[in-house]
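Below is one structure; the comments refer to it alone.
Both backbone and side-chain heavy atoms feed into the values below; hydrogens, waters and symmetry mates do not.
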Amino acid sequence: MYKRLNDEKYYRRFYFQDSFFAQCTDVDPLTMDQFDRAANNVKEIIGNPIFRTATHIIGTGCGDSNIAAFAVKEAFAYYLPDVKYEAVEAIELSRHYDYEEDGSEAIALFISVSGRIFRTIEALRQCKRHGIITVAVTDSPDSETAKEADILFYENAPAGDNNAGLRTYYINVISTIILAAAMAEMRTGKACLPQLREQLQSYHDLFFADWEKMADSCFAAAIHWMDKKYLGLTADGAMFWAAKFVQAKVIELSGDACAVIDSENYMHVNILMGPGEAYGEMVIINSNDDNVSRIADTVNNMVKRGAREVLVFSDQTPENLGITEEVAYCRMPVPPKEWNFLASIYAYLPGALFAGFRHTTIGEPMFRGGMDPTIFIPTYFSPIEVVD
């Protein structure tokens, strides 16, 4: 890893910004472009009668796509309150799921940008055997998932670097939310997509106005935590899935041991893990959620009882959240409470920024150096001496 400088103020963020940082930054211009692309394509399929009559929706995928299926649950509850939505892991759906006797009024969404993940395809085939209408949510119309599904929802994403899955996660989340809104339009006769676009644009502008401050906060934490042996993430509700995504990026980029847990189970289990001084803990809090007092109490215990250093991602300052112990803070804007489900489209980004800076500040190549160098070319240059 890199040899630490005597004073953290001498580190310059510029030298640690690589292609993954560029992916994170690219979500800014990608946001509305991808919305319009997916919204145009959803019009080609939404006339299918199943979107008007379905009473049960299953979202599934593998890896980041599976996390996306869970992250959009609140969007389906908002737009389709009378429809049962559940996210199910592809391995569960293909091998263990208890299928209903009559699946004719059910839709299964198979989220996969590549469309080539075998377990997702296996789950798709199992759903078809049980009479469920299958929808491929994919950017690969020639893939096996697209060809075998009853309906193809082509995401039509613009080209871009995606070696660690950052862009495709946003693409999957927003495209699936668009599908929920389009289904609501079919059922209610109300124009939902224009209002969704307006709210997304507003939230986009609010979020990226703080982008540089977020990057600075995450870089400062990465530098300060260079010697940490372990990392952890704690979040509740929809934010838990943002934390799961960040955990995946930490592991993929720097290879760190990184736990993710909700606040209640942290207090039951992870608080016993030690030594606390070896941990850097990230906590994602949306002040619109109903768990704030509990998760604030958890953070206080992380510091006071657990001796952990904590970085809080939230729209409110730690003091306003009820956190009385000393923690680091990264402002993370969230949408208005009525549109709270939109928080999932960006809540993973600050933690992803940290994950990117973590791997460059400790000198660990993405995927433990397992990327093909003809595909992945490191773009950061560090003035820090590399030592064993």
Checking [X] now: which residues fulfil salt bridge (charged side-chain N to carboxylate O under 4.0 Å, His left out) with it, not counting sequence neighbours?
{"X": "Glu144", "result": "Arg125"}
{"X": "Asp256", "result": "Arg358"}
{"X": "Asp216", "result": "Arg13"}
{"X": "Asp36", "result": "Arg197"}

With sequence neighbours left out, what residues match [X] under side-chain contact (heavy atoms from CB on, under 4.5 Å)?
{"X": "Thr324", "value": "Asn300"}
{"X": "Ala257", "value": "Tyr230"}
{"X": "Thr138", "value": "Ala136, Ser140, Ser143, Ala146, Leu152"}

Could you work out, with side-chain hydrogen bond (donor to acceptor under 3.5 Å, both in side chains) as the rule, every residue matching [X], not counting sequence neighbours?
{"X": "Ser94", "answer": "Glu122"}
{"X": "Thr31", "answer": "Tyr346"}
{"X": "Thr120", "answer": "none"}
{"X": "Asn340", "answer": "Asn286, Asn288, Asp289"}

Exercise. For the rings on Phe357 and Phe219, is their centre-to-centre separation under 6.0 Å?
Worked result: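 When the ring centroids of Phe357 and Phe219 are compared, they turn out to be within the sub-6.0 Å range.
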For this session: For atom NZ of Lys228, decide whether the heavy atoms of other residues, nucleotides or ligands shown that lie under 6.0 angstrom number more than 12.
Result: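 More than 12 heavy atoms, drawn from other residues, nucleotides or ligands, come within 6.0 Å of this atom.
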Exercise. Would you call Lys147-Asp142 a salt bridge at under 4.0 Å N-O?
Worked result: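 Result for this pair is no, no salt bridge flagged.
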Exercise. Do the side-chain N and O atoms of Gln34 and Arg37 include a donor-acceptor pair separated by under 3.5 angstrom?
Worked result: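 Per modelled atom types, Gln34 and Arg37 side chains form no pair under 3.5 Å.
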For this session: Answer yes or no: is there a side-chain heavy-atom contact under 4.5 Å between Val72 and Phe341?
Result: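 Side-chain contact under 4.5 Å: no.
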Exercise. Are Trp225 and Ile223 joined in one hydrophobic group, where the rule is that I, L, V, M, F, W and Y side chains link up if heavy atoms are under 4.5 Å apart?
Worked result: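 Trp225 clusters together with Ile223.
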Exercise. Which residue pairs pass the ring pair (Phe, Tyr, Trp, His ring centres under 6.0 Å) test when at least one of the two sits in residues 90-121, sequence neighbours left out?
Worked result: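 Residue pairs with at least one partner in residues 90-121: Tyr97-Tyr99, Tyr99-His130.
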Exercise. Taking the inter-plane angle between the rings of Phe207 and Trp211 on a 0 to 90° scale, is it parallel (under 30°), tilted (30 to 60°) or perpendicular (over 60°)?
Worked result: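 Answer is tilted, since the angle falls between 30° and 60°.
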For this session: Determine, for Phe245 and Lys249, whether the Lys NZ or Arg CZ falls below 6.0 Å from the six-membered ring centre while staying within 45 degrees of the axis.
Result: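 Relative to the ring axis of Phe245, which defines the angle, Lys249 lies inside both limits.
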